[in-house]
Chemist: 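Submitted below is the structure of interest, expressed as structure tokens.
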Amino acid sequence: MQHITGISRQQMRFSSLEDSISPDNQVRFIDAFVEYIDISKLNFAIKTLKTEGRPSFNSEVFLKMYLYGYLNGIRSGRDLEKECFRNIEMQWLLEDIRPNYHSITDFRKNNPAALKNTFKLFGSFLKDADLIGGETIAIDGTKSRAHNSKKANFNQKKIDKHLEYIEAKTQEYLNALEENDAKDNPAIIQNIQQKLDRLKGNKLRYEQLEEKLKESGEPQISTTDSDARALLVQGQVVEISFNIQAAVDAKHNLVVATHTINLNDRSALSAIAIEAKENLGIDTYTALVDKGYHNGKHIEICKLANITTIVAQPEQGKNKERITENYLISKFQYDQTTDTYTCPQGETLHTTGKWHKKSSLKDSYEFKKYRSSKCKECPVKFLCTSRAAGREIDRSQYADAVEENNKRYHANAQLYRRRQEINEHIFGTIKRQWGYNHTNLTGLEKVNGEHSLIMLVYNIKRSINILGVPDLIAKLKKWNSPYKAKVLFCLKTEYLKLNSEFFISQTKLVA
């Protein structure tokens with residue numbers, strides 16, 4: 001026989017779905033986890049049986065479906081519906097239930113908070129399974145493209161530009177209309193009038209957008225997804241997107257906290273750092289964070305929450321006063337006991353003690369000013385400042401916390417280098433390997449739900465790679481959680497045990 005031949009399609013076989021799924025298949029853990037938890041306690045919407053009509057699907061079916069789907073790169077409701085008909089793993093997982101795509105997509109859309117709760121619950125399981133250390137945690141963020149194009153995002157400058165174009169074009173058409181009216185060209189006049197009507201409609205639309213922008217108090221507005229924002233992605237590249245924040249534990253690189261915002265990283269540190277602490281139920285930990293998060297207010301909040309931050313110190317930017325390197329603010333020594341600065345020339349800068357306030361769209365804080373009367377007579381004043389009154393130093397209300405953080409950063413260079421090893425590859429896996437670099441949902445709450453689901457699936461995948469399915473299920477059975485669906489889970493595991501014993505005994509009899 002020259003070639004290997006297959007089995008005839010007409011050949012009848014006696015087998016079950018159970019026979020087709022190996023003991024170490026990841027769907028077995030998905031099934032065990034969802035059966036273990038009481039999803040009603042996680043605030044999933046539970047549909048109850050009505051007096052009339054067709055019975056509804058159990059919400060557990062959809063949770064299993066989405067966990068399996070996102071674990072295998074399938075996120076579309078229509079694609080998940082197809083898998084119910086052609087994928088034997090999905091048929092085993094759902095016990096051959098085949099929901100329609102509309103019911104599937106509604107589940108994800110209607111349960112964002114419950115999906116986030118499920119992520120947190122799985123994190124507590126990982127901690128109890130000794131897969132999370134809770135000592136060193138790296139924090140970072142990545143941008144996820146929103147379901148909103150750049151054309152559907154506006155700020156005042158962009159609206160003004162459109163209105164100016166409409167005004168110029170309108171005047172151009174009015175001149176053409178007057179010229180052709182004199183020449184008596186009715187066909188051309190009608191065409192110009194249609195263009196003018198269209199411009200009039202566009203002007204009205206932009207004026208309404210301008211009103212909405214002013215009412216919102218925001219610097220920009222999006223029309224497809226009102227929560228989406230134009231965020232800086234890299235360098236000067238801007239995308240209409242959301243910002244996924246993630247806190248990753250150093251022990252096995254598992255995500256311990258996540259949420260999505262529509263701001264840049266500068267205002268994000270304290271929220272994600274405190275969320276990680278609360279999720280793990282720990283007293284303190286060390287947070288490794290890149291320089292994009294360096295913000296005095298948030299470093300201070302972390303300090304008050306007993307979180308030790310090591311945030312990279314950003315490079316000092318250009319100064320209008322043309323200060324030379326030897327006279328940068330870092331060269332001035334601050335004395336906390338006397339509340340004074342000593343300059344490189346040995347002179348003391350004092351403060352009146354008055355607090356001044358600085359406010360901007362991004363931040364606001366109070367600060368004190370420090371000066372010295374001897375600045376005017378200093379022989380190297382031209383190297384230190386261009387101000388006629390002499391050098392002036394502003395000290396923020398958060399300066400103490402920032403200086404403590406900066407000292408830790410310089411003293412723990414080796415530890416800080418681990419930051420990239422801990423959390424950078426997670427975003428690479430999710431965005432480059434799995435293709436989850438965008439969201440098709442609209443609204444910050446729903447997008448939060450989807451991103452929590454993605455991080456949950458990442459943790460499941462990684463914990464399976466660390467322990468394997470059988471050992472992970474064994475740890476799940478020993479886990480004592482208030483969210484445990486005790487009766488159902490015990491009955492199902494007992495059934496599976498009896499079923500496997502029966503199968504083994506039958507195999508021995510045949511042998």
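Computed from a predicted model, the values in this text were never measured in an experiment.
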Chemist: How would you list all residue pairs meeting ring-ring contact (aromatic ring centres under 6.0 Å, His included) that involve residues 398-419, not counting sequence neighbours?
Modeler: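 Counting only pairs at least two positions apart or across chains, the ring-ring contact (aromatic ring centres under 6.0 Å, His included) contacts touching residues 398-419 are Tyr409-Tyr416.
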Chemist: Is the backbone of His102 close enough, under 3.5 Å, to the side chain of Asn100 for a donor and an acceptor to pair up by distance?
Modeler: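 Looks like yes, one N/O pair under 3.5 Å.
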Chemist: Any salt bridge linking Lys303 with Asp400? Criterion: basic side-chain nitrogen under 4.0 Å from a carboxylate oxygen.
Modeler: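 Salt bridge between Lys303 and Asp400, a charged N being under 4.0 Å from a carboxylate O: no.
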Chemist: Does a side-chain N-to-carboxylate-O contact under 4.0 Å join Lys212 and Glu218?
Modeler: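 So Lys212 does not pair with Glu218 through a salt bridge.
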Chemist: Looking at Phe122 versus Phe125, is the centre-to-centre ring distance below 6.0 Å?
Modeler: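 Aromatic pair counts; centres sit under 6.0 Å.
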Chemist: State whether the side chain of Asp249 and the backbone N or O of Ile137 hold a donor-acceptor pair below 3.5 Å, judged by distance alone.
Modeler: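 Between the backbone of Ile137 and the side chain of Asp249 there is no qualifying donor-acceptor contact (under 3.5 Å).
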Chemist: Can we say Glu278 and Lys120 salt-bridge, meaning some charged N sits less than 4.0 Å from an Asp/Glu carboxylate O?
Modeler: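 Here Glu278 does not pair with Lys120 in a salt bridge, since their nearest N and O are not under 4.0 Å apart.
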Chemist: Quick check: does any side chain N or O of Asn448 sit under 3.5 Å from a backbone N or O of His259, one acting as donor and the other as acceptor?
Modeler: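 Looks like no, no N/O pair under 3.5 Å.
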Chemist: Can you label the angle between the Tyr70 ring and the Tyr436 ring as parallel, tilted or perpendicular, going by 30° and 60°?
Modeler: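 Ring orientation, 0 to 90° scale: tilted.
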Chemist: Quick one: do the Asn243 and Asp265 side chains pair a donor with an acceptor below 3.5 Å?
Modeler: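 Yes, a side-chain donor-acceptor pair sits under 3.5 Å.
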Chemist: Once ring pair (Phe, Tyr, Trp, His ring centres under 6.0 Å) is applied, do any residues pair with Tyr483, and if so which ones, sequence neighbours excluded?
Modeler: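 Scan of Tyr483 (ring pair (Phe, Tyr, Trp, His ring centres under 6.0 Å), adjacent residues dropped) gives none.
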Chemist: Tell me if a side-chain donor or acceptor on Asn25 pairs with a main-chain N or O of Val27 at a distance below 3.5 Å.
Modeler: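 Yes, Asn25 side chain to Val27 backbone: donor-acceptor pair under 3.5 Å.
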Chemist: Taking ring-ring contact (aromatic ring centres under 6.0 Å, His included) as the cut-off, I'd like each qualifying pair that reaches into residues 271-300, sequence neighbours left out, listed once.
Modeler: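 Residue pairs passing ring-ring contact (aromatic ring centres under 6.0 Å, His included), neighbours aside: none found.
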Chemist: Between Lys143 and Glu239, does at least one N-O distance fall below 4.0 Å, as a salt bridge requires?
Modeler: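 No salt bridge links Lys143 with Glu239.
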Chemist: Can a salt bridge be assigned to the pair Lys251 and Asp130 using a cut-off of 4.0 Å between side-chain N and carboxylate O?
Modeler: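 Yes, charged N to carboxylate O under 4.0 Å.
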Chemist: Is it the case that the side chain of Thr258 and the backbone of Gln245 share a donor-acceptor pair, with hydrogens and angles ignored and the cut-off at 3.5 Å?
Modeler: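 Such a contact is found between Thr258 side chain and Gln245 backbone.
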Chemist: Looking at Arg28 and Asp31, is any side-chain nitrogen of the basic one under 4.0 Å from a carboxylate oxygen of the acidic one?
Modeler: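 No, Asp31 and Arg28 are not salt-bridged.
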Chemist: Would you find a donor on one side and an acceptor on the other, under 3.5 Å apart, between the side chain of Asn405 and the backbone of Val311?
Modeler: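 At least one qualifying donor-acceptor pair exists.
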Chemist: Between Asp339 and Arg395, does any side-chain N to carboxylate O distance fall below 4.0 Å?
Modeler: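 Not counted as a salt bridge, because no side-chain N and carboxylate O are separated by less than 4.0 Å.
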